[in-house]
Number of protein chains: 2
Amino acid sequence: MIQPSVKLKAETRRKLKTERKREAILRSAAAAFAQKGYYGTSMEDIAERLLMTKGSLYYYFKDKEEILFACHDYSLNLVLDNLEQVEAMDAPTDEKLACLTAAHVDVMLDALQGSAMALDFSALSEPLLKKIIAKRDRFERGLRSLIKRGTDEGIFRTVDAKLAVFMLLGAINWIAKWYRAGGSYDAKAIGKAYADIFVSALKSGKRFEFEIPDFIGQRNGQDSTYPFAP
Amino acid sequence: MIQPSVKLKAETRRKLKTERKREAILRSAAAAFAQKGYYGTSMEDIAERLLMTKGSLYYYFKDKEEILFACHDYSLNLVLDNLEQVEAMDAPTDEKLACLTAAHVDVMLDALQGSAMALDFSALSEPLLKKIIAKRDRFERGLRSLIKRGTDEGIFRTVDAKLAVFMLLGAINWIAKWYRAGGSYDAKAIGKAYADIFVSALKSGKRFEFEIPDFIGQRNGQDSTYPFAP
DNA sequence: ACAATAATTGACTAATCGTTCAAAATAATA
DNA sequence: TATTATTTTGAACGATTAGTCAATTATTGT
């Protein structure tokens, strides 16, 4: 009396369970990384929150680095998914940009507790680092092209797209540093506020010009190299 | 033949030398912290760049934490100084805000290699942490009040000043993550671009309103707690 | 040149951490 | 229940690290 359907179900159930546990580990790790950084987080820290022992982690992941990689990979996939969803929208470019901004804030805060934040990039070694950087670049290019398209269409003014993207993503990545779940702001409120500021800057008619005052950059001791400047 | 002036000069020279060395250590540490984080940086890392041994560091600083504290304190002093300088300027509020932004970028990149970045706040213990947070809050309050003043004067539109400040400072703090000295952008270019975007957003006539699309926030697995959600 | 002070060293420590693994516990299957 | 496959454990390892300190070297003042 072979019951392939039942047997299959049991197997998939197992696989699913393992998959869920992997994700739980990622969430725990991401939260810890965001708080104390990659090197400041011990495998025991990660395990403790899940009522596991650190030995068990090695059943699910090869080593600590693979956990960090999986965190990045997981949230970058969501972020690239956002890009696709937004581009599929039937909406003007400014609205698309606003939605992508809000979506990015959402991933950063809800999906893996700002894992992309704990971006101790230096902690990943060559092969893994390359993969992550490739994905991140794909997203950044998509975002830049959205901005450029807006400029071409005449709804955005001309800006240095690279710097603008760095500014926006930096602002969003930093949220994980001050955000506390249950605090005054939720992901939607932050997303709306950030998108508003960024998009309305691009929609504003003209550059804000100003002179950089003298007191900047002429400070004490920059040159006082002691054996040498690092 | 007592020569108080000479003796005094020699003494001050010594003090000065020690002070310089302390600063050199801070710069080395700040660079390392920015690259690999507080916990990822060893005392030997800090010493090595200065052709010292780690033992010597303890002649200048009590422990690693004090170095981190000094980094924060040093750059926060500069940042508070910026605030004063800008407030002393004879210029309209929008220009003041732009200058403060550019000045902040400058401190972040030139003064201590983005040390405020390595903001492993969690690495500081209570008494030191309190001092740093107090100073940082003083700066943030000053920045918020600048924005509010602009709104009162009618040159800025109404925004959530707290979120706006978080956004601006986050964007600036993040620069240290991608900035490379000698690269395409210098502190002035970045400062001008960031100030332009931020200020022109505040000067833009009206909010950019949009609806948050459905695909945001309804993603897979948020709920799949495995023993529990972290 | 000599004494006194300041600065540096390098070996040592106690603790922590990432990783391994054989054994034990748990769950699934027949 | 007996057998097998899956998962967890906890002890043990080698490596690294922050911090200490007595001894050494460099600098300064007389």
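Just so you know, these numbers use all the heavy atoms, side chains as well, and skip hydrogens, waters and symmetry mates. Each chain gets a letter, A, B and so on, in the order its sequence line appears, and its residues count up from 1.
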Problem - Heavy-atom closest contact (R138(A) atom, L80(A) atom, distance) - result: NH2-CD1, 3.4 Å
Exercise for the section: Taking only the side-chain nitrogens and oxygens of T18(A), find out if one of them lies under 4.0 Å from OP1 or OP2 of dT6(D). Expected result: no
Practice task
Specify the separation, in whole Å, of atom CG of L57(A) and atom C1' of dT7(D).
Solution key: 13 Å
Fill in the blank from the handout: Among the nucleotides dA7(C), dT9(C), dT9(D), whichever has the atom closest to the side chain of M52(B) is dT9(C)
Exercise for the section: Return the orientation label for the W174(A) and W174(B) ring planes: parallel under 30°, perpendicular over 60°, tilted otherwise. Expected result: perpendicular
Problem - Nucleotide dT9(C), atom C1' - distance to CG of L50(B) in whole Å - result: 16 Å
Problem - From CZ (R136(A)) to NE2 (H72(A)), nearest 0.5 Å - result: 10.0 Å
Handout entry: Least distance between heavy atoms, I197(A) atom then A164(B) atom
Key = CD1-CB, 3.8 Å
Practice task
Could you tell me whether H104(A) and F139(A) have their ring centroids closer than 6.0 angstrom?
Solution key: yes
Handout entry: Side-chain donor-acceptor contact under 3.5 Å, N173(B) with K177(A)
Key = no
Detail all sub-3.5 Å separations between protein N/O atoms and N/O atoms belonging to nucleotides 18-22 of chain C.
| unit_1 | atom_1 | unit_2 | atom_2 | d |
| --- | --- | --- | --- | --- |
| dG18(C) | OP1 | T41(A) | O | 3.1 |
| dG18(C) | OP1 | K64(A) | NZ | 2.6 |
| dG18(C) | OP2 | M43(A) | N | 2.7 |
| dG18(C) | N7 | K54(A) | NZ | 3.0 |
| dT19(C) | OP2 | Y58(A) | OH | 3.0 |
| dT19(C) | OP2 | K64(A) | N | 2.9 |
| dT19(C) | O4 | K54(A) | NZ | 3.1 |

Exercise for the section: Specify the separation, in whole Å, of atom CD of E48(B) and atom P of dG10(C). Expected result: 13 Å
Fill in the blank from the handout: Sequence neighbours excluded, the answer for ring-ring contact (aromatic ring centres under 6.0 Å, His included) partners of F166(A) is W178(B)
Practice task
Find the distance E66(B):CD to dA18(D):C1' and express it as a whole number of Å.
Solution key: 14 Å
Exercise for the section: Assign Y60(B) to base, sugar-phosphate, or nothing according to its heavy-atom contacts below 4.0 angstrom with the strands shown. Expected result: sugar-phosphate
Fill in the blank from the handout: From CZ of F61(B) across to P of dG19(D) the rounded distance in Å is 13 Å
Fill in the blank from the handout: Closest to the side chain of T53(A), out of dT8(C), dT7(D), dG10(D), is dG10(D)
Exercise for the section: Report the residue from L168(B), L146(B), V105(B), V79(B) that forms a side-chain contact (heavy atoms from CB on, under 4.5 Å) with L100(B). Expected result: L146(B)
Practice task
Give a yes or no on this: more than 12 heavy atoms of other residues, nucleotides or ligands lie within 6.0 Å of atom NZ of K131(B).
Solution key: no
Exercise for the section: Starting from the first five and the last five pairs of the helix from dA1(C)-dT30(D) to dA30(C)-dT1(D), work out the angle between the resulting helix axes, to 10 degrees. Expected result: 20°
Completion exercise
In whole angstroms, the gap separating C1' of dT8(C) from OH of Y59(B) amounts to 10 Å
Practice task
Look at K21(A) and dT7(D) and indicate whether a side-chain polar atom (N or O) is within less than 4.0 Å of OP1 or OP2.
Solution key: no
